[in-house]
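One structure below.
The chains referred to below are lettered A, B, ... by the order of the sequence lines, with proteins before strands, and numbering in each begins at 1.
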Amino acid sequence: MTRTLVVAGHGMVGHRLVEAVRAEDAEGAWRVVVLAEEPRPAYDRVALTSYVDGWDAAALDLGEHTEVELRLGDPVAKIDRAGRTVTTAGGHTESYDALVLATGSRPFVPPVPGADLPGCFVYRTIEDLDAIRAAVDSAKHRKRGRAAAMVVGGGLLGLEAAKALRDMGLSPHVVEMAPRLMPLQVDDGGGSLLRKLVTELSLTVHTGTSAERIEQDGDRLSAKLTNGTELDLDLIVFSAGVRPRDELARDAGLDVGERGGVLVDTSCRTSDPDVWAIGECAAVEGRCYGLVAPGYTMAEIVAAQLLGKEGEFPGADMSTKLKLMGVDVASFGDAHATTEGALEVVLADAVSGYYKKLVVSGDEPRTLLGGILVGDAGAYNLLRPMVGSPLPADPAAMLAPEGASGAVGVDALPDEAQICSCNSVTKGAITHAIRAQGCDSVASIKGCTKAGTTCGSCVPMLSKLLDACGVEQSKAVCEHFTHSRSELFEIVKATRITTFGELIAKHGTGAGCAICKPAVASILATVDTTEGDGGHILDGEQASLQDTNDHFLANMQRNGTYSVVPRVPGGEITPAKLKVIAEVADEFGLYTKITGGQRLDLFGATVDQLPLIWKRLVDAGFESGHAYGKALRTVKSCVGSTWCRYGVQDSVGMAVELELRYRGLRSPHKLKSAVSGCARECAEARSKDFGVIATEKGWNLYVGGNGGTLPRHAQLLVSDVDSESLIRYIDRFLMFYVRTADRLQRTAPWIEELDGGLDHLREVIVDDKLGICEELDAAMAKHVENYADEWRGVLEDPEKLARFTSFVNAPGAPDPTISFTTEREQKVPVLLGVPEVVSR
Amino acid sequence: MTTMETRTVAVCELSQLIPGRGVAALLPDGRQVAIFLTTDGECHALSNIDPFGKAAVLSRGLVGESGGQPFVASPLLKQRFDLRTGVCLDDESVVIRTYPVHIVDGVVHVSS
Ligand code: SRM
Ligand SMILES: Cc1cc2nc3c(=O)[nH]c(=O)nc-3n(C[C@H](O)[C@H](O)[C@H](O)COP(=O)(O)OP(=O)(O)OC[C@H]3O[C@@H](n4cnc5c(N)ncnc54)[C@H](O)[C@@H]3O)c2cc1C
Ligand code: SF4
Ligand code: FES
């Protein structure tokens, strides 16, 4: 008989429980009902701060359940243990056979007078962030772009909140009662370096003091600290710890822990055997855990027990690594050396800006007990799993900067070492997945083991484990070159080699193939237009390297005919030009369709017809466009301020300018863009490799979006910049991408693989950290100067033109294998019935 | 094959071929051959029809080499065919027809 499982709370842990039950309950023994307080399904709270990057809640999705009844926005108000029912605030009653409380925690707001004034916020949910954003916006509006904020709490969460405010353009004050930041995780040495590092990020740190009183001051707030400091503020965010939400349990007479939390045993059962508690609301043998990994473990063990198996909570790893941009902080194991006899080994360098401490056992062999890393947490991934094991080398050597001799590799880890603490995946499980289940990439390990799918900090380790297992994650372009695409780019740029023949003779082997030839053709073309005089892509030997679409400057369709997509920059077109396209289609008998990219596509042209069609287009002031080729495709637009009542900038004008500027640029993969005239985003700019969204003050530039199989939302690179700066940043972004990405790697995976990700990208193209911006600017300027209409180039060169014929021995003869039929009043291709195959 | 008469036709000047690319030629009986010149100067002729994509397009594919085996990759779904034997490198059960080629006084001839 089916029994009913009721889950109160749909946060990260409730979500994991339901997933685990659904995955294991093949027979459908449980009907699962989830009663949730928040108005939306569970989301990735750990990544909450990244919501500020684009205010896109969907990016935090944890995935939908199947066969689960989910009631949102209606919290459980009462448990009737005798009748085994729960009732929600909205009056809905549900009977249960098993009840799991997964109600999480609430932010702790210290009892400061005035802490409930408007302008005071907490930091836990998407709604909290929306409210903070609205307050920041209205303050900026009132005060011409400036707003002041304070964060109460200098722990892990307080610094996250400060980062969020900083990403909203503020320079917040952080107030921490303890004498140092992150008092739970770091010691004084680490704390003082941390303070220096975050101060450089324009935070103002006040330690050893707390808020004494908050008062309304006109439309602002004034806060007085216990050390006498007074701050004029627009908003205050409390992020001073959390308290378990055990109110339901208390009211129902369940036991609670001494310091709060629903008291459970190591199997996560409460004092009532039909009621369980998991996640942050649970006090396992009296202890609450404020991290997601232990919560996930509790979810898994309860799911196992519900399905008749056994499960026990093994205790948890409280290691943490701060996700704050640009500041590395990590703390793991017994970071404060509380174990008896423990010794501390410290390596600090104020000049290079790092502080590293290992805590080891007093007796030989030295067992690693814990550590603190500030400024350079590179060793965290390797050290954390080693906690509890004898150190394979001298502790000081283990702290040496990465790459230094003596530093120890992943080999040194025992099989039981937990590589992914979020999902409790051990080194052994991962190497098993690699060796026995054939995982040969980080992506396949994620799929097989779940490792790396939560906070992502263990991903570099997955890649190292692949290396250690001898799985080659080769960057080689193909069997002919051992180099990656970016290495080939550097070689071509440095040596000024201008032919494939010379490049493969000097740097490769054999004669090349369908992979390296087009890749090299693209590199030669880019180097030529951005550093040389810009030849035609079909000049000389280059003609033999191009993919068929580039060779014929049009997209081959399934029956061997081509499509022609006239370039319509920004999508703006006159009626007269529309008429020309209609006439051309009519004259050549072409199928027409509006593309998903906001252009008109003409299909079914034979090789011989292509130059004739281009001639008609060129004469009418068009050029044919790239709907093929690894180059700029479209820059879509919305009407923007010219017509739309909401528009704040001329998005069409900008789109036209961008499309004309970057057309013809050869790149590792295709490039797409869009410009929206306001935040309503009708041009879908955030699904583009570079997307531009107008703001009151200028433009926001987003990078790394795409559609396709694995859609990605572009992330904010710079905000509120003027048109000139916008174009400068896009120039640099594109040139840096073109030079360093892999073959067929779109911008999103490229950014992801950059060491340091988006922040690094920003440092390179905004702050000019590598000192290459001048060169990138010059290269793009050259590209713009060298641009020439490729299709016109063919029309003007009899030798190239001669190739546009179906048969070398019968110019003008139509290809007898091409035929069409009619569908919805237009022609469509008929494929060959009997292909000429000798054997099959 | 024995019942078929062998005919040789001149299709084009060798100078019309670009090393590393192909051209298509129409035989008198309506069949199409794809003729390729490799970068080391070899000439090969195959059926122009891609049996996977079911279209006459092979002459427009990219020519390459894998472990010394010269091939053309179909421009449709990229299956590779050995230029000498017509064997598909990605599915050896598929073999397409090859044609003998001769160069006489700078003119390419195909026999069928
Ligand atoms: C013609 C068009 C479909 C249509 O009739 O609307 C189209 C047609 C093709 N798309 Fe597309 N895509 C078209 C809009 C899109 C869009 C929508 C957009 O651009 O706003 C997308 C999602 C946005 C994106 O690219 O991020 C799109 C994502 C793809 C992808 C997936 C890319 C990815 O990163 O995952 C591929 C596969 C690839 O490029 O490797 C693809 C590949 C193709 C190919 C090249 C497949 C092929 O090899 O034949 C098709 C070429 C047809 C041809 O020869 O003309 N097409 N394709 C659209 C042309 C737009 C244009 O005006 O240039
Ligand atoms: C900004 C931020 C950053 C963080 N970073 C990290 C990190 O880097 N690493 C890490 O391990 N952890 C991190 N955490 C902590 C992590 O998010 C929590 O440990 C985790 O979300 C706990 O999951 P949970 O399901 O127990 O609680 P929650 O995710 O809080 O979910 C509880 C849910 O129950 C709902 N609820 C409460 N009462 C009721 C009721 N009566 N009826 C119905 N529903 C109810 C709540 O509304 C909520 O939706 C972070 C947290 C925040 C806020
Ligand atoms: S979605 Fe697929 S079938 Fe449709 S145009 Fe794009 S690639 Fe072709
Ligand atoms: S450690 Fe967080 S995903 Fe692996």
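Checked against side chain to side chain donor-acceptor pair (under 3.5 Å), H44(B) has no partners two or more places apart in sequence or in another chain.
Of the two parts of L26(B), the backbone and the side chain both hold a non-hydrogen atom closer than 4.5 Å to a non-hydrogen atom of chain A. With a 4.5 Å cut-off on non-hydrogen atoms, A73(B) touches chain A through its side chain but not through its backbone. Residue contact with chain A, scored on non-hydrogen atoms closer than 4.5 Å, involves the side chain of T39(B) exclusively.
At a heavy-atom separation below 4.5 angstrom, chain B is approached by R803(A), S806(A), F807(A), V808(A), N809(A) within residues 803-810 of chain A. Of residues 503-518 of chain A, those residues with a non-hydrogen atom less than 4.5 Å from any non-hydrogen atom of chain B are, in numerical order, G510(A), A511(A), G512(A), C513(A), A514(A), K517(A), P518(A). Scanning residues 10-17 of chain B against chain A with a 4.5 Å non-hydrogen threshold yields V11(B), C12(B), Q16(B), sorted by number.
Looking at S544(A), its side chain never comes within 3.5 Å of a backbone N or O of R21(B) through a donor-acceptor pair. The main-chain N or O of E65(B) is found under 3.5 Å from a side-chain atom of H480(A) such that the two form a donor-acceptor pair. Between the R60(B) side chain and the G560(A) main chain, a donor and an acceptor come within less than 3.5 Å of each other.
Using a 4.5 Å cut-off on side-chain heavy atoms (C-beta onward), P19(B) and E541(A) make no contact.
The heavy-atom pair separating D815(A) from A56(B) by the smallest distance is OD2-CB, 4.0 Å. Closest non-hydrogen pair, Q557(A) versus L76(B), comes out as O-CD2, 3.5 Å. Listed here is the closest heavy atom pair of D547(A) and K78(B): OD1-NZ, 4.0 Å.
Listed options P75(B), C88(B), G20(B) were ranked by heavy-atom pairs under 4.5 angstrom with chain A; first place goes to P75(B). The candidate with the highest count of non-hydrogen atom pairs below 4.5 Å against chain B, out of R558(A), E479(A), E799(A), is E479(A). Most heavy-atom pairs under 4.5 Å with chain A, from the set A55(B), A25(B), G30(B): that is A25(B).
D105(B) CG: 12 or fewer foreign heavy atoms inside a 6.0 Å radius.
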